[in-house]
Amino acid sequence: MRQLTRESAEAQAHAHVADGMARLAEVLQRSLLTEPPELDELDIAVRYLPAAEHVKIGGDWYDVFEAPDGRIMLAIGDVAGHDRSAAATMAAVRHMLRGISQVIAGSPADVLTALDEAVGRLNPSILASVLLAEVRRGPQID
């Protein structure tokens, strides 16, 4: 009976730690997915739902940010994997995309080509897909 009680207590402790790690992972994932900017001429809404109930961290992301020339960049991406490593890699790729978009004033294809080159040189084992679109600001009509 003592052995069974001890094993039960250990199992409960492991379950408690695992639950805490899962909550921490979800908080980390959501902290990497920032709120979009508030823009007068564009209404932006975002929603993130994990692919699986038991796995709430991974490589999925979205982003909305302004380029120096005034374009609004919309990005949706996914780094392969559903773990902390995928989330960390996602954060790196997401921030690389933001940085490259600040110095390359070309088309989304130009920006993604530069991102692909940078990722390939820094870590060729990363597998990611990214959709990048731009919204150009037009003349204001009153």
Side-chain angles (χ1 to χ4, degrees), residues 3-142:
Q3 178 68 22
L4 184 58
T5 302
R6 186 173 35 252
E7 288 175 6
S8 175
E10 287 176 9
Q12 287 178 345
H14 287 295
H16 182 70
V17 169
D19 186 50
M21 292 297 289
R23 283 195 307 270
L24 178 62
E26 184 174 8
V27 168
L28 170 65
Q29 180 79 28
R30 292 192 182 276
S31 74
L32 294 171
L33 301 172
T34 56
E35 289 297 317
E38 291 187 23
L39 305 168
D40 291 335
E41 65 275 11
L42 189 62
D43 291 327
I44 302 169
V46 296
R47 182 176 181 199
Y48 174 77
L49 295 173
E53 182 59 32
H54 66 284
V55 179
K56 295 189 176 186
I57 188 165
D60 302 333
W61 91 90
Y62 58 80
D63 202 1
V64 180
F65 55 92
E66 192 170 354
D69 60 5
R71 295 177 296 162
I72 304 302
M73 306 303 284
L74 310 171
I76 300 172
D78 184 18
V79 170
H82 294 283
D83 57 16
R84 290 179 298 226
S85 177
T89 302
M90 171 272 287
V93 172
R94 178 178 179 259
H95 291 314
M96 273 195 274
L97 175 64
R98 277 181 159 243
I100 290 168
S101 296
Q102 298 304 304
V103 296
I104 292 182
S107 69
D110 294 336
V111 173
L112 289 177
T113 297
L115 177 65
D116 186 51
E117 290 176 17
V119 169
R121 289 180 186 161
L122 294 171
N123 188 345
S125 67
I126 292 175
L127 178 60
S129 56
V130 181
L131 170 80
L132 182 64
E134 67 181 35
V135 177
R136 294 179 184 261
R137 290 186 161 116
Q140 297 293 323
I141 300 174
D142 294 322

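Here the structure is a predicted model, which is why all the values come from computation and not from measurement.
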* Structure fact -> All heavy atoms of Asp69 vs all of Ala105, minimum pair found to be OD2-O, 4.1 Å

* How about Met73 and Leu97: do any of their side-chain heavy atoms sit closer than 4.5 Å? -> no

* Please round to the nearest 0.5 Å and tell me the distance separating atom CG of Asn123 and atom OG1 of Thr89. => 7.0 Å

* Asked: Looking at Gly106 and Val111, what are the two nearest heavy atoms and their distance?
  -> O-CG2, 4.3 Å

* **Interatomic spacing from CG in Asp116 to CZ in Arg121 - rounded to 0.5 Å** => 10.0 Å

* Asked: Out of curiosity, Trp61 CH2 to Arg94 CZ, how far, rounded to the nearest 0.5 Å?
  -> 9.0 Å

* Validation row: Ser107, Asp110 side chains within 4.5 angstrom (heavy atoms) -> yes

* If you take all heavy atoms of Ala80 and Ala86, which pair is closest and at what distance? -> O-CB, 3.7 Å

* Atom pair CG (Leu112) and CD1 (Ile104), whose distance is rounded to the nearest 0.5 Å -> 10.0 Å

* Pair Leu122-Met96, side-chain contact (heavy atoms from CB on, under 4.5 Å): steps then yes or no -> CA-CA 11 Å; Leu122 294 171; Met96 273 195 274; 3.7 Å; yes

* Structure fact -> On a heavy-atom basis, the closest approach of Ser101 and Ala67 is O-CB, 4.2 Å

* Structure fact -> So CG of Asp78 and CG of Leu127: to nearest 0.5 Å the spacing works out to 8.5 Å

* **Backbone of Glu66 reached by a side-chain donor or acceptor of Gln102 within 3.5 Å** => yes

* To do: Count the heavy atoms of every other residue, nucleotide or ligand shown that sit under 6.0 Å from CG of Asp43, and state whether that count exceeds 12.
  => no

* Asked: From Asp63 CG over to His95 NE2, what is the distance, rounded to the nearest 0.5 angstrom?
  -> 8.5 Å

